[in-house]
Amino acid sequence: MSHTKVVIVGSGFGGLAAAKALKNAPVAIDLIDRTNHHLFQPLLYQVATSVLSPAQIATPIRGILRQQKNTTVILGEVVGVDTDQKCVLVNDADREGVPIPYDYLILATGATHSYFGHNEFEKFAPGLKGLADAVAIRNKVLQAFEQAEAEEDPSRHRDLLTFVLVGAGPTGVELAGAIAVLVRSSLRSEFRRIDPTSARIVLVDRSSRVLNSFSERLSEAAQKRLEKLGVEVRLGRSVDQIDADGIVMAGERVTSHTVIWTAGVTPSPAAKWLKAETDHAGRVRIQSDLTVPGHPEIFVIGDAASLDREGKPLPGVAQVAMQQGRYAAKLIRNRIAGKPAPGPFSYFDKGNMAVVGKGFAVLQSGKVHASGFGAWLTWAAVHLQFLATSSLRLTVFLQWIWTYVTGQRGSRLIVNYHASEPARTISDAGTKAAASNG
Ligand SMILES: Cc1cc2nc3c(=O)[nH]c(=O)nc-3n(C[C@H](O)[C@H](O)[C@H](O)COP(=O)(O)OP(=O)(O)OC[C@H]3O[C@@H](n4cnc5c(N)ncnc54)[C@H](O)[C@@H]3O)c2cc1C
């Protein structure tokens, strides 16, 4: 019997939820992703600040779906969709544009960071979206302390130990808080020439408050907490320039060798592939059943999609993507079974949370607005619950307890994947020069 063919592109929160919800459906699923893992993005900042290792927040997709016999996992990059022929075009390891046919298509390709038209900033200010970004930022932060320790001239220490985060949304706030805790705990007693606690952490945003998707009261609580941790919060200032020497904001230069971009995001090119209408941010405008106008067989979900609720687009958060994934799966199951379609998609908002340093979070859920240790415990419980496997839940839980009690981090390694040779020392260089001369 030939099954209905469902192609899901993206195994993030939305795509994976859709695939799992089709587990017992009479369909053959191809789940395509350009990485081999499902990534828990909300904890990326903990990899970037050495609390967790990459393997603690990502799981191989094959492993997650090993029991799901109706699903084939394909490692490949989708580069287009032929809506007439009903196939997606995939580049894999050694072939380009391989067509993979579908009866139903679910595009869940997420978003990436956006430099608001200033792509030249990227070279100096990496963003945080994938595992490689998190490791690159971890390298950059740890390297700054090493470079400062190796620098004999104390007048250069301040610039080397200035960390600038551009964007005071949840990622910027969480990173700034975590760097502040890092310098005050793990690194505090390990250096001899420098005092890591003298590090300057600057959080910049053009908005007038941090975490502006939260209530004003919670924004204020988060800002106070950041300032208590020693973070300089500079609001209402646009960053006009980022270069090798730092940033220029509202005419003022802040010299820094470590600038991190935590501002905007831009969706994947799903709209281009479909030649579909987009919102101002480039997300595909979808209908209330999550399909693309004119294509009842194509769903776009999660960060790549735009669906208004009460005149505002749904936020780019994991819960929206997961609920949309389950809804798309249900609609496909109903259509195959000849049942009526479920009512329009309706988002159940479970609330928002952000961590600000050790043992402190802000939480906003309906009428509940809370900050402090209780909110942090809730944050920890919720995040553990949503990790992909029990083994990750256990290792992350134990790591958090260890870090909380001892202040020690799990993964403080500088790993340069492009240069596996040990660093050359001056005596190495001398020996090699002597050898080649001889
Ligand atoms: C640093 C950070 C922190 C966050 N913190 C939170 C938080 O605390 N709470 C919260 O709710 N949300 C948080 N978010 C947002 C949340 O992660 C996203 O809303 C969610 O991941 C969206 O799910 P998605 O399925 O649309 O996309 P994603 O989860 O991003 O998945 C997209 C998938 O598509 C794949 N893909 C993309 N393009 C292609 C292609 N061309 N071919 C093949 N595969 C492709 C990617 O590899 C990826 O696996 C955070 C995001 C970031 C970056």
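We count ligands from 1, going down the list as the structure has it; atoms in each ligand are counted the same way.
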Self-check item: Side-chain donor-acceptor pair present, Gln223, Ser219, cut-off under 3.5 Å
Solution: no
Practice problem: Classify the side-chain pair Thr258/Ser256 by whether it contains a donor and acceptor separated by less than 3.5 Å. | Solution: no
Quiz item: Which bit of Phe40 gets closer than 4.0 Å to ligand 1, counting heavy atoms only: side chain, backbone, both or neither?
Solution: neither
Self-check item: Heavy-atom nearest option to atom 6 (C) of ligand 1, drawn from Ala17, Gly80, Pro42, Ala111
Solution: Pro42
Practice problem: Kindly state if atom 14 (N) of ligand 1 has a protein heavy atom within a strict 4.0 Å cut-off, that is, under 4.0 Å? | Solution: no
Exercise. May I ask you to decide if the ring planes of Phe373 and Tyr404 are parallel, tilted or perpendicular, using 30° and 60° as cut-offs?
Key: tilted
Quiz item: Would you call the rings of Phe299 and Tyr104 parallel, tilted or perpendicular if under 30° counts as parallel and over 60° as perpendicular?
Solution: tilted
Practice problem: Run the numbers on Ser215 and His369 for side-chain hydrogen bond (donor to acceptor under 3.5 Å, both in side chains), then give the verdict. | Solution: CA-CA 8 Å; Ser215 69; His369 291 205; 3.2 Å; yes
Considering the heavy atoms of [X], write down every atom of ligand 1 situated less than 4.0 Å from one of them.
X	answer
Gly10	33 (C), 34 (O), 35 (C)
Gly12	25 (O), 28 (P), 29 (O), 31 (O), 33 (C), 49 (O)
Glu77	41 (N), 42 (N)
Gly302	26 (O)

Exercise. Report yes or no: does Pro170 have a heavy atom closer than 4.0 Å to ligand 1?
Key: no
Practice problem: Determine, using heavy atoms of Ser268 and all atoms of ligand 1, whether some pair is separated by less than 4.0 Å. | Solution: no
